[in-house]
Amino acid sequence: MNKLNIYLLIFGTTALLATTSCTDLDENVYSSITENTYNYVPGDATKAVGAIYANLRGMYTPGNRTQEISSDEIIMPANMVGGWDDGGVYRRMHLHQWNSEQTLILDLWKNQYTGVLLANQVLQQLEGNVMPFAPNESEKRLKAEARALRAYHYWIIMDNWDNAPLTTAATNELPENSNRQEMFEFVISELKEIINDLPADKTNDTYGRFTQWAAHALLANVYLNAQVYIGTPMWEQCIEECNAVLNSGKYELDADYRTPFAAHNENSLENILVIPYDAVYGHGFEYYRDALHKANKDTYNLEATPSGTGSYKGVPQFIDTYDPDDARLDATWLSGPQMQANGEPCIGFTDLSNKPLVFENKIPNGIQVGEGGGLRWLKYEIEQGARAWLNNDFVIFRLAQVYMMKAESLLRTGKYDEAAQLVTTVRTRAFKDHPEKAKVAGAQLQGASSYKYGTVSNYVLAPQNVNLPEQFGRFYDELGWEFAGEFMRRRDMIRFGTYTKVQWLSHEGSNDYRTVFPIPQRALDSNNKLVQNPNYVQ
């Protein structure tokens, strides 16, 4: 498929530059073209909605790291020699010591509300008949896409902050806090109202855009976490939304676990909604810069140099939960001796100065690590000769997630064997060489997690005597193995009750109020109607 055509469609946003309103009345004007003087032409409506999609490229920013590095899966420690502590910004996420000044939390907040404000602005224009529609444009579809995107952003907001503004109008009036119940009801009602106006097809035209099936997947995610959000479980509703996707016949699991994350993953059979990136036309995806060691530039003949010794590292306690025969281990984590493309060994430059670079599943603690310590998150394929920006499209929803959401809902409603069948389906491709290990029984999924919780000092584990999660611990592990590095772990941990209760590396546990983040101080300073989330003093 021609990804350039996708970008011309989704990210051809020149017209939107004239549609974005500004609240600074004393601004300097550098162009005579304003919102009131721009002459919209047929096709601009699609470009305007495309700008909301374009904002999704900011999802892969430092802000989204909060979903992984505050969890028991991935850490970004400083290097023992040379530091790169960055003022403790990543260390505080690991220790659960963030406050309202945390820049990563601010980045996440800004990206979500930029998406909300763009959607509000575009919807106001579409509903006000400001833009003429081209013959090939569907007014219903474009409005539905804008509302679906806004609902998606509000799901992320609801999930991360609880009490936060809920606004649906393009206005200069400062909003007040809304609670999770209000946001939950809004997201559900919005999606149900517009879902039939979204396309049901899976074509080049719908790639990277909201379809009915992406909306069903979003609804399933919201229902899956309903007990966290509003205190009421909604497992049957989650199953219903999952069935809509599964019964559509539009998607199937890829035969190879790596395919959804390949450099050219637009051909994946299971990806339901992605954020399209492109090395030339759609910049933003460069996760390898923080995952690889700078010596790995020669491994892949990269155009850009990774950052120092690299930072994204798997928590050894998490890595140790994998079955060694699970193909997802090597497909997700880079380990062992690192070699240049010419076959020569990569060489270290700090504590491994002039020595071969070897990535080992060993980390002394959660604060500092040597340049060879920790396996590197490398789930998305890195092409030989890759440019500074990657071609891989970032996966938001894929079919394996739908299978597992349904499986969890079945488990929690007592249908253990039916759930096990779905989990086995997902596991099968991970154990092609050991098919006897793919099958899992309902009784197994009810067992304890294999995660060895406790704190680590100088590579030595001080075990924490807990049995969390007490129910469905094996299923909890399955989620970790299938979705590592897909920005789900924080949410899964909260749902299973481990996020603030268990210990890993230098994380000693935290208070339950940290299951939501503080409203950024800059937002509070700019809007005196907002109230900080409980227990955050700053």
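On a predicted model such as this, the values are computed, not experimentally measured, just so you know.
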### Query
Do the ring planes of Phe397 and Tyr152 sit parallel (below 30°), tilted (30 to 60°) or perpendicular (above 60°)?
perpendicular
### Lys/Arg N to Asp/Glu carboxylate O, Lys313 vs Glu73, below 4.0 Å
no
### Message
Please check: side-chain N/O of Asn120 versus main-chain N/O of Thr167, any donor-acceptor pairing under 3.5 Å?
### Response
yes
### Message
Is it the case that the side chains of Glu508 and Thr455 hold a donor-acceptor pair, with the cut-off being a distance below 3.5 Å and no angle test?
### Response
no
### Query
Asn392 and Tyr287: side-chain donor and acceptor closer than 3.5 Å?
no
### Message
Within the structure provided, determine whether Leu479 and Met488 are in side-chain contact (heavy-atom separation under 4.5 Å).
### Response
no
### Message
Restricting to non-hydrogen atoms, name the atom on Asn527 and the atom on Pro175 that form the minimum distance, rounded to 0.1 Å.
### Response
ND2-O, 2.8 Å
### Check: Thr350 main-chain N/O paired with Glu371 side-chain donor or acceptor under 3.5 Å
yes
### Task
Start with the C-alpha distance between Phe487 and Phe483, add both sets of side-chain angles, then the distance that settles ring pair (Phe, Tyr, Trp, His ring centres under 6.0 Å), and finish with yes or no.
CA-CA 8 Å; Phe487 297 164; Phe483 302 114; over 10 Å; no
## Note on the structure
Between Arg57 and Pro276, the two heavy atoms sitting closest are CD-O, 3.8 Å
#### Entry: Gln521-Asn99 side chain donor-acceptor pair, cut-off 3.5 Å
no
### Query
For the residue pair Tyr154 and Tyr113, does the interplanar ring angle fall in the parallel (under 30°), tilted (30 to 60°) or perpendicular (over 60°) class?
perpendicular
### Task
Pick out which of Asp107, Asp290, Asp86 makes a salt bridge (Lys or Arg N to Asp or Glu O under 4.0 Å) with Arg65.
Asp290
#### Entry: Side chains of Gln67 and Asp159 in contact at under 4.5 Å (non-hydrogen atoms)
yes
### Query
Looking only at side chains, do Gln102 and Arg92 share a donor and an acceptor under 3.5 Å apart?
yes
#### Entry: Residue pair Leu218 / Ala151: nearest heavy atoms and the distance that separates them
CD2-C, 4.3 Å
### Message
If only side-chain N and O atoms count, and only distance matters, is there a donor-acceptor pair under 3.5 Å linking Tyr513 with Thr500?
### Response
no
### Query
Should Pro518 and Trp98 count as side-chain neighbours, where that means a heavy-atom distance under 4.5 Å?
yes
### Query
Counting distance only, does the side-chain N/O of Arg180 pair as donor-acceptor with the main-chain N or O of Met158 below 3.5 Å?
yes
### Query
Going from CD1 on Ile105 to NZ on Lys110, what distance comes out if it is rounded to the nearest 0.5 angstrom?
13.0 Å
### Task
Check whether any side-chain N or O of Thr515 sits under 3.5 Å from a backbone N or O of Ile494 as a donor-acceptor pair, and report yes or no.
no
### Query
Do Met93 and Thr66 pass the side-chain contact (heavy atoms from CB on, under 4.5 Å) test, and can you show the C-alpha distance, the side-chain angles, and the key distance before you say yes or no?
CA-CA 7 Å; Met93 296 305 299; Thr66 58; 3.7 Å; yes
### Query
Does any donor atom in the side chain of Asn163 or Asn533 lie under 3.5 Å from an acceptor atom in the other side chain?
yes
### Validation row: Gln368, Asn79 side chains within 4.5 angstrom (heavy atoms)
no
### Query
Below 4.0 angstrom, N of the basic side chain to O of the carboxylate: do Glu270 and Arg429 qualify?
yes
### Under 3.5 Å side-chain donor-acceptor pair for Tyr499 and Ser70
yes
### Taking every non-hydrogen atom, the tightest pair across Leu390 and Tyr277
O-CB, 3.9 Å
### Query
Does Lys452 come within less than 4.0 Å of Asp320, counting only side-chain N to carboxylate O?
no
### Query
Should the pair Lys362 and Tyr459 be classed as cation-pi, given the thresholds of under 6.0 Å to the six-membered ring centre and 45° from the axis?
no
### Task
Taking only Lys NZ, Arg NE, NH1 and NH2, and the carboxylate oxygens of Asp or Glu, determine whether Arg495 and Asp492 approach each other closer than 4.0 Å.
yes
### Query
Nearest 0.5 Å, what's the CG-CD1 distance between Leu292 and Ile382?
6.0 Å
### Query
Parallel, tilted or perpendicular: which describes the rings of Phe285 and Tyr380, with under 30° parallel and over 60° perpendicular?
perpendicular
#### Entry: Inter-residue atom distance Leu329.CG - Ile319.CD1, 0.5 Å rounding
6.5 Å
### Message
Go through it in stages, so that I can follow the logic: the residues are Val516 and Asn160, the test is side-chain contact (heavy atoms from CB on, under 4.5 Å), and I'd like the CA-CA distance, side-chain angles, deciding distance and then a yes or no.
### Response
CA-CA 5 Å; Val516 295; Asn160 284 276; over 6 Å; no
#### Entry: Check ion pair Glu482-Arg398 (N to O, under 4.0 angstrom)
yes
### Query
In this structure, which one of Val502, Asp72, Val456 forms a side-chain contact (heavy atoms from CB on, under 4.5 Å) with Gln317?
Val456
### Message
Testing the 3.5 Å rule here: is there a donor-acceptor pair between the side chains of Ser457 and Asn365?
### Response
no
### Query
Does a side chain donor of either Gln181 or Glu185 reach within less than 3.5 Å of an acceptor in the other side chain?
yes
### Message
If the threshold is 4.0 Å, N to carboxylate O, is there a salt bridge linking Arg150 and Glu190?
### Response
yes
### Electrostatic pair Arg147-Glu193, nearest N-O below 4.0 angstrom
yes
### Message
I'd like to know if the side chain of Gln237 reaches the main chain of Tyr223, judged simply by a donor and an acceptor atom lying under 3.5 Å from each other, with no hydrogens or angles considered.
### Response
no
### Query
Does a side-chain heavy-atom distance below 4.5 Å link Trp333 with Ser335?
no
### Message
Below 30° counts as parallel, above 60° as perpendicular, anything between as tilted: where do the rings of Trp504 and His94 land?
### Response
perpendicular
### Task
Decide whether Gln401 and Asn221 meet the rule of one side-chain donor and one side-chain acceptor closer than 3.5 Å.
yes
#### Entry: Any side-chain heavy-atom pair of Leu410 and Lys406 under 4.5 Å
yes
#### Entry: Residues Tyr476, Thr498; criterion side-chain hydrogen bond (donor to acceptor under 3.5 Å, both in side chains); working and verdict
CA-CA 10 Å; Tyr476 172 74; Thr498 58; 2.8 Å; yes
### Message
For the CD atom of Gln444 and the CG atom of Asp477, what is their distance to the nearest 0.5 Å?
### Response
12.0 Å
### Query
Between Asn296 (side chain) and His293 (backbone), is there a donor-acceptor pair under 3.5 Å?
yes
### Task
Please answer whether the main-chain N or O of Asn177 pairs with a side-chain N or O of Lys529 as donor and acceptor at a distance below 3.5 Å.
no
### Query
Checking Asn111 side chain against Asn55 main chain: does a donor-acceptor pair fall under 3.5 Å?
yes
### Message
Testing the basics here: between Thr321 and Trp481, what is the closest heavy-atom pair and its distance to 0.1 Å?
### Response
OG1-NE1, 2.9 Å
### Query
Donor-acceptor pair, Glu182 side chain versus Asn179 backbone, under 3.5 Å?
yes
### Task
Considering non-hydrogen atoms only, spot the tightest contact between Ile363 and Gly314 and give its length.
CD1-O, 3.7 Å
### Query
Any donor-acceptor pair under 3.5 Å linking the side chain of Asn265 with the backbone of Pro260?
yes
### Query
Any side-chain heavy atom of Arg328 within less than 4.5 Å of one from Arg427?
yes
### Task
Taking atom types as modelled, find out whether Trp377 and Thr332 have a side-chain donor-acceptor pair closer than 3.5 angstrom.
no
### Query
Hey, are the side chains of Gln338 and Val358 touching, using non-hydrogen atoms and a 4.5 Å cut-off?
no
### Query
Any ion pair linking Asp512 and Lys501 (charged N to carboxylate O, less than 4.0 Å)?
yes
### Message
Tell me whether the NZ or CZ atom of Lys379 lies within the 45° cone about the ring axis of Phe261 and under 6.0 Å from its centre.
### Response
yes
